[in-house]
Amino acid sequence: MLTTPVSTPIVQFEAVSKTYQIGLVTVPVLREVSFAIHAGEYVSIMGPSGCGKSTLLNLLGCLDRPSTGRYCLGGEDVSQLDDDALSTTRGTRLGFVFQSYNLIQQLTVVENIEVPLYYQGLPEHESRARSCRLAERVGLGHRLEHKPFELSGGQQQRVAIARALVNDPLIILADEPTGNLDSTSGAEILGLFDELHQQGKTLILVTHDPTVSRHARRTIRLHDGQVESDVRH
Amino acid sequence: MSATSSIAAGPASALPFTHLSRAVRLGFKNLSSHRLRSLLTVLGIVFGVCSVIAMLAIGEGASFEAQEQIKNLGSQNIILRSVKPPEEQKVSDKGSQSYVLEYGLTYPDLQRIQSTIPGVTVLVPERTLSEYVWNISRRVDCEIQATVPWYPAMRNQHVVRGRFFSDEEMAGSANVCVLGAEMVPVLFPLESPLGRDVRGGGDYYRVIGIMAPQGRRTAAEASGKGAAYRMFIPLETAKTRYGEILMKRRSGSFEAERIQLHEVTVKVAGPEQVLPVADAIKELMRHNHLKLDYEIIVPLEMLRQAERTKQIFNVVLGSIAAISLLVGGIGIMNIMLASVTERTREIGIRRALGARRRDIVTQFLVESVILSAAGGLLGVALGVTIPWLVTRFAEMRTIVTFWSPMVAFSISALVGIIFGIYPAFRAARMDPVEALRHE
Ligand SMILES: Nc1ncnc2c1ncn2[C@@H]1O[C@H](COP(=O)(O)OP(=O)(O)OP(=O)(O)O)[C@@H](O)[C@H]1O
Ligand SMILES: [Mg+2]
């Protein structure tokens, strides 16, 4: 209902820091990172290797908690939630697309797509119907009963995108989604993301490929755990 | 927590049962992708459960059979039996000369027991003679038992056709006999033996009845006499026909034994009197026999002994069961730990997609319970089949009690829970980020 940029942001980072303790040494990976992302934005996060992109994405995805600072997702502070609540948040509000697809090998295409719904306790027939619809939408309606190892990399990544969409999330998070793909399949995946953006989905993707980041409408550059630049284009 | 309640609107809790059934199906799917491994994992439980049920069934059968035999001897009976004393055995083994051995129970013993010990109601004396018994040209190597008319009632044996001999026939030393059912088809394959004569030694006996066959392993074997063919005649008749000396042919010599009675069964008035009367008889016999040429069997004591033996057997069996289920459980735990490590990535994916810790615990626990329950089921099936085969081919009695498969199965399922808990918690404790990064 609130889609104009002036509304409450969907993601709000307020001075978020993340440090890792290695033995006696405290390693700061993110330092007081602040930004806001509104519904319908298509954001790419760039930066040199080791600058903390994946760490940032893990925080955005509620897989990890910030060491200090505040993270509001959809207007709700999630930085202090317990493990169960974080799990439920991931299951209901977030969609993940990984570089290495991360499909479950012993499950078929539809079964993989419906995993998030399984943990929401949705009745089976309902979740099956929804998964089939999404498989159609990413162009895999004819591969429903195949196992991941029977699919090409591009097809596997499309299954992963369908899985990320199945719970109708607030944001879709992608970490180098085209990193393992050849340019043709990579372009297909980016085309799919463009389509999702046009339908009003909020996308955040991590990459160090400038051609990939050109698809996005906004680029946040990280350097050494800090926001170096934040530009819309 | 109030801020989070809208987010944490618990999913599965509304439909716990359907959720569990889906978890079970998922478990089967995961396990069936490693069929051989699952089967091998489960073997420990299978053999544990199977061997316990089978051994229990065989033990139960054997003990039932032993108790049955002892009951056949009569739990209110005390049995005295003539035994060749050990020192005489030595003499007769050495000597090539001929001896007349005199030993065993005597008529005066009988008299003394009857008249001096209170609580004794009936006495059944028996003499046993080995003899060929003929019907014209058919012959049977037979054990002739010379006894009293009330023998069948006292020893739980029945006459199936005709009758047992009467007091008058006993008193008149009549030449009558009752055949054991086993020898009837051999001596009289075509016609009914009732009213016909058989020859034993130099005398003819009229057949007046047929005794019921002895069970496969019954009193005869329990009392140490494996007589397949038996014939009963009155004790008085035997006295007049055979006297008291029995001749035995041995290599190069004759051996003669003088035995008055082979066996005496003493019946007492009530079960509580069995042990005191037995003690009194032991005392009496010790006074009157210089040699240990008799033995005293108290079936009630044997029954108690058998019960004790069974208890010990059950304790031993219980320990074996515990150990084998422990080993089986460790096998399951081992494979579940390996599986958790192997599927770290999957755990990470599931956690990222919304699985809570308890969902992961459920998933792995369900798998280990499926393993152990399947093992238990297989073990029960095998454990019930083996006693059946034993009964069928080894002709041993076995009893599968109703509760033994139940208990064995429940315990094996419990083993799955106990030994699945640690691996399941280990899986659930993993950090999602680390798990996702795992290769
Ligand atoms: N669990 C951890 N313990 C200690 N240090 C960590 C941990 N995770 C990440 N780091 C450190 O944090 C820094 C940032 O890591 P991160 O994975 O976010 O980099 P990245 O920007 O994603 O790099 P790349 O482009 O290579 O994927 C690295 O220096 C890394 O060593
Ligand atoms: Mg990275």
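For clarity, every value in this text was computed on a predicted model and none was experimentally measured. Proteins get letters first, then strands, A, B, ... in listed order; numbering begins at 1 in each.
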- prompt: Has A/Phe35 got more than 12 heavy atoms of other residues, nucleotides or ligands less than 6.0 Å from its CZ?
  reply: yes

message: For the residue pair B/Glu346 / A/Gln106, report whether a side-chain donor-acceptor contact shorter than 3.5 Å exists.
response: yes

- prompt: Which bit of A/Asn102 comes within less than 4.5 Å of chain B, counting heavy atoms only: side chain, backbone, both or neither?
  reply: both

message: Please find the pair of heavy atoms, one from A/Ser127 and one from B/Arg22, that lie closest to each other, and give the distance.
response: OG-NH2, 4.1 Å

message: Can you tell me if A/His146 has over 12 outside heavy atoms packed within less than 6.0 Å of its NE2?
response: yes

message: Counting only non-hydrogen atoms closer than 4.5 Å, does B/Arg350 touch chain A with its backbone (N, CA, C, O), its side chain (CB onward), both, or neither?
response: both

query: Most heavy-atom pairs under 4.5 angstrom with chain A, which of B/Gly348, B/Ala355, B/Pro432, B/Ser33?
result: B/Ala355

query: When you look at CD of A/Glu150, are more than 12 heavy atoms from neighbouring residues, nucleotides or ligands closer to it than 6.0 Å?
result: yes

- prompt: Heavy-atom count around A/Phe149 CZ within 6.0 Å, excluding the residue itself: above 12?
  reply: yes

- prompt: Between atom CG of B/Asp359 and atom OH of A/Tyr118, what is the distance when rounded to the nearest 0.5 Å?
  reply: 7.0 Å

Note: A/Asp83-B/Arg356 ion pair, threshold 4.0 Å (strictly below): no

- request: Apply the test side chain to side chain contact (heavy atoms under 4.5 Å, CB included) to residues A/Leu107 and B/Leu26: give CA-CA distance (whole Å), side-chain angles for both, the deciding distance (0.1 Å), then the verdict.
  value: CA-CA 9 Å; A/Leu107 302 183; B/Leu26 181 69; 4.1 Å; yes

message: How long is the straight-line distance from CG of A/Leu63 back to CG of B/Asp431, given to the nearest 0.5 Å?
response: 8.5 Å

field: Residue B/Ala23 versus chain A: region with a heavy atom under 4.5 Å
entry: both

field: From CA spacing to verdict: side chain to side chain contact (heavy atoms under 4.5 Å, CB included), B/Arg345, A/Ser100
entry: CA-CA 11 Å; B/Arg345 186 67 166 265; A/Ser100 48; 2.7 Å; yes

field: Distance-only donor-acceptor check, side chains A/Ser87 and B/Arg351, under 3.5 Å
entry: yes

Contact class of A/Gln105 relative to chain B, heavy atoms under 4.5 angstrom: neither

message: Measuring from atom CG of B/Leu353 to atom OH of A/Tyr119, what distance do you get when rounded to the nearest 0.5 angstrom?
response: 8.5 Å

query: Which bit of B/Gln363 comes within less than 4.5 Å of chain A, counting heavy atoms only: side chain, backbone, both or neither?
result: side chain

- prompt: Between A/Leu94 and chain B, which part of the residue has a heavy atom less than 4.5 Å away: side chain, backbone, both or neither?
  reply: neither

- request: Verify the neighbour count for atom CZ of B/Phe313: are there more than 12 heavy atoms of other residues, nucleotides or ligands below 6.0 Å?
  value: yes

